[in-house]
Asker: 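Following this message is one structure expressed as structure tokens.
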Amino acid sequence: MAGVYSLLGDPDLALNVLERTAKDAGPDVLQWLSVDPDLDTICDHPRFRELMK
């Protein structure tokens with residue numbers, strides 16, 4: 001869903017979804033998110049960068 005919201009131009013909803021699900025995601029999932037082209041519109045967002053730490 002985060003990718004859909006990102007592609008629709010709603011970074012807040014995309015990041016809300018990612019923040020909720022990242023707590024349970026393993027490092028492999030976070031690594032994949034960092035290169036997912038659907039999330040390109042939010043990859044420079046401070047909340048996304050913080051999530052990827």
Side-chain angles (χ1 to χ4, degrees):
M1 284 307 298
V4 172
Y5 289 133
S6 176
L7 291 171
L8 289 173
D10 196 331
D12 289 326
L13 281 177
L15 289 161
N16 289 346
V17 170
L18 287 176
E19 288 169 346
R20 282 193 309 259
T21 58
K23 295 175 186 174
D24 299 324
D28 292 338
V29 173
L30 292 177
Q31 182 179 6
W32 179 78
L33 291 174
S34 69
V35 296
D36 183 348
D38 291 346
L39 302 176
D40 282 351
T41 61
I42 61 171
C43 68
D44 290 331
H45 195 286
R47 285 173 59 194
F48 185 81
R49 284 192 230 140
E50 183 64 29
L51 188 64
M52 293 298 115
K53 287 185 179 179

Asker: Does Arg47 have any salt bridge (charged side-chain N to carboxylate O under 4.0 Å, His left out) partners at least two apart in sequence or in another chain, and if so, which?
Answerer: Asp12, Glu19
Asker: Would a single hydrophobic cluster contain both Leu51 and Leu39, if residues Ile, Leu, Val, Met, Phe, Trp and Tyr are joined by side-chain heavy-atom contacts under 4.5 Å?
Answerer: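 Yes: a chain of side-chain contacts under 4.5 Å links Leu39 to Leu51.
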Asker: Which value, rounded to the nearest 0.5 Å, describes the distance between His45 atom NE2 and Leu18 atom CG?
Answerer: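 So the NE2 of His45 and the CG of Leu18 are separated by 11.5 Å.
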Asker: Can Val17 be reached from Leu13 by stepping across I, L, V, M, F, W or Y side chains whose heavy atoms are under 4.5 Å apart?
Answerer: yes
Asker: Less than 3.5 Å apart, which donor and acceptor atoms pair up between the side chains of residues 25-38 and the rest of the protein, not counting sequence neighbours?
Answerer:
{"residue": "Ser34", "atom": "OG", "partner": "Gln31", "partner atom": "O", "Å": "2.5"}
{"residue": "Asp36", "atom": "OD1", "partner": "Asp38", "partner atom": "N", "Å": "2.9"}

Asker: If you link I, L, V, M, F, W and Y whenever their side-chain heavy atoms are under 4.5 Å apart, who else ends up in the same group as Val4?
Answerer: Leu8
Asker: Please, which pairs that meet side-chain hydrogen bond (donor to acceptor under 3.5 Å, both in side chains) have at least one residue in residues 1-11, sequence neighbours excluded?
Answerer: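 Of all non-adjacent pairs touching residues 1-11, those that pass side-chain hydrogen bond (donor to acceptor under 3.5 Å, both in side chains) are Ser6-Thr41.
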Asker: Roughly how far, to the nearest 0.5 Å, is CG of Asn16 from OG1 of Thr21?
Answerer: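 That separation rounds to 10.5 Å.
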Asker: For Ala14 and Ala2, which heavy atoms make the closest approach, and how far apart are they?
Answerer: CB-O, 3.3 Å
Asker: Test question: given the 4.5 Å side-chain rule for I, L, V, M, F, W and Y, name all other residues clustered with Leu7, or answer none.
Answerer: none
